[in-house]
There are 2 protein chains.
Amino acid sequence: MSRKNSNTPKKSRYPGAKKTERYIQSSILMALKIRSSYGYELIKGISQFGFVEGQAPPGMIYRHLRDLEENGLVSSEWQTQGAGPAKRVYRLTPEGSEVLDFWIEYMKNQVEKLLNFIKIYQNNKMT
Amino acid sequence: MSRKNSNTPKKSRYPGAKKTERYIQSSILMALKIRSSYGYELIKGISQFGFVEGQAPPGMIYRHLRDLEENGLVSSEWQTQGAGPAKRVYRLTPEGSEVLDFWIEYMKNQVEKLLNFIKIYQNNKMT
DNA sequence: TGACATATATCCTCTAAACATATATATTCA
DNA sequence: TGAATATATATGTTTAGAGGATATATGTCA
């Protein structure tokens, strides 16, 4: 993908260009489904879910965590025991777990849509 | 999906909420791959590709068409023959066709990511 | 004690979608 | 024949979400 090629038009949207859907919320919910965690650990760890490469932007993670907590999808508490600075540990709530279920359904639906689009493309490839 | 339920938090991101990736550009490119077309026809027709329900918002279609043409992915000409008002007919350029190829690759990649995420979920469903 | 690591957090900017609005020509119908 | 409707085009504004920048605090280590 030559998005960074200097003679690539800048205004046109290219696959993987900025602002693609990155499923940050669903990745956070998933991480907390597996195990309670804290911001910094999430920043480093959510790339395992495939939508983010390397470390997630802190801005995204903390904003999402705040929103999620305001809306009751996660809860948090300070943990001061253990090594290093105090950590704010987040835990998934039952409602958060339910929203993750919805995300999974949404993703399944998205997969169908994408596969259908690809099929249309292949059926028209020679035209 | 209870997004419209009045006691659903409004600030939290829910699947299918506003601003999800809608693949308008790829849908337009696909439509023009199949057959040259004009704005109004695209508005009515791109729902066939699955990402838009009903008629696409005119604002989205015309803006995208303008951008696509500015960047050489499509070309257009006025067609005044035939019934009804004059139509501005758009045709896919070779570069546009190439970008559609990239979109297809991007989508295949996205499918893999989504399926992987779903698999992680199912592997952790009982925790 | 300063450099570095861990850990948290907010603000600003930009992009893409949603929404609103407008105009012009052609066709239909009372 | 004129108003209503359909076809066809287009732009401006607002909103939501991602990207980027920046800052602060505590703990660890050389």
Side-chain angles (χ1 to χ4, degrees), chain A residues 3-4 9-28 36-46 51-71 74 76-90, chain B residues 3 9-28 36-46 51-71 74 76-90 103:
Chain A
R3 174 165 60 99
K4 287 176 184 162
K10 294 295 186 294
K11 290 169 100 174
S12 179
R13 170 82 188 282
Y14 273 72
K18 296 184 176 182
K19 297 290 158 43
T20 58
E21 190 162 28
R22 297 175 80 192
Y23 299 101
I24 298 284
Q25 187 191 108
S26 47
S27 297
I28 290 175
S36 298
S37 187
Y38 54 95
Y40 190 70
E41 190 178 57
L42 290 168
I43 287 165
K44 292 188 299 173
I46 71 166
F51 296 111
V52 178
E53 289 178 5
Q55 300 202 356
M60 296 300 306
I61 297 295
Y62 287 108
R63 185 178 299 109
H64 274 279
L65 285 172
R66 183 177 60 192
D67 289 348
L68 289 171
E69 185 162 31
E70 282 176 7
N71 290 297
V74 305
S76 68
E77 64 191 5
W78 283 104
Q79 184 184 95
T80 50
Q81 16 152 346
K87 303 170 180 61
R88 190 172 190 101
V89 175
Y90 293 84
Chain B
R3 175 163 60 99
K10 295 292 186 295
K11 289 169 99 174
S12 180
R13 170 82 186 282
Y14 273 73
K18 296 184 177 183
K19 297 290 157 52
T20 57
E21 190 163 26
R22 296 177 80 193
Y23 299 102
I24 299 284
Q25 185 190 108
S26 48
S27 296
I28 290 175
S36 296
S37 187
Y38 55 95
Y40 191 68
E41 190 178 55
L42 291 167
I43 287 163
K44 294 188 298 174
I46 70 166
F51 296 111
V52 177
E53 289 178 5
Q55 300 204 354
M60 296 300 307
I61 298 296
Y62 286 108
R63 186 174 297 107
H64 274 278
L65 284 172
R66 183 178 60 190
D67 290 348
L68 289 171
E69 185 160 32
E70 283 178 6
N71 290 298
V74 306
S76 69
E77 66 192 2
W78 284 104
Q79 185 184 95
T80 50
Q81 17 151 350
K87 301 170 179 63
R88 190 172 189 99
V89 176
Y90 293 85
W103 271 110

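Treat the numbers as computed from the prediction; the structure is a model and nothing was measured. Numbers restart at 1 for each chain; the letters A, B, ... are given by sequence-line order, proteins then strands.
- Contact detail for A:Ala86 and A:Thr80: the closest heavy-atom pair is CB-CG2, 3.9 Å.
- Across every non-hydrogen atom of B:Val74 and B:Leu65, the tightest pair is CG2-O, 4.1 Å.
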What pairs of nitrogen or oxygen atoms, one from the protein and one from nucleotides 11-14 of chain D, lie under 3.5 Å apart?
residue, atom, partner, partner atom, Å
D:dT11, OP2, B:Arg66, NH1, 3.0
D:dG12, N7, B:Arg63, NH2, 3.3
D:dG12, O6, B:Arg63, NH2, 2.7

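- Both B:Ile43 and A:Ala83 lie close to DNA chain D; mapped to their nearest nucleotides by heavy-atom distance, the more 5′-ward contact belongs to B:Ile43.
- The nearest pair of heavy atoms linking A:Ser36 to A:Val89 is CB-CG1, 3.9 Å.
- Annotation: side chain to side chain contact (heavy atoms under 4.5 Å, CB included) contacts of B:Phe51 (sequence neighbours excluded): A:Gln110, A:Lys113, A:Leu114, A:Phe117, B:Tyr23, B:Ser27, B:Met107.
- When distances are taken from the side chain of B:Trp78 to each of D:dT9, D:dT7, C:dA7, the shortest belongs to D:dT9.
- Closest approach of A:Trp78 and A:Arg88 over heavy atoms only: NE1-NH1, 2.7 Å.
- Using a 4.0 Å heavy-atom cutoff across all strands shown, B:Tyr90 reaches sugar-phosphate atoms only and no base atom.
- The nearest whole Å value for the distance from the CG atom in A:Leu42 to the P atom in C:dA9 is 12 Å.
- Straight-line distance from the CG atom of B:Asp67 to the C1' atom of C:dA16: 11 Å, rounded to whole Å.
- Applying the salt bridge (Lys or Arg N to Asp or Glu O under 4.0 Å) rule to A:Glu69 yields no partners; only residues at least two apart in sequence or on another chain are considered.
- OP1 or OP2 of C:dA7 has at least one side-chain nitrogen or oxygen of A:Tyr38 nearer than 4.0 Å.
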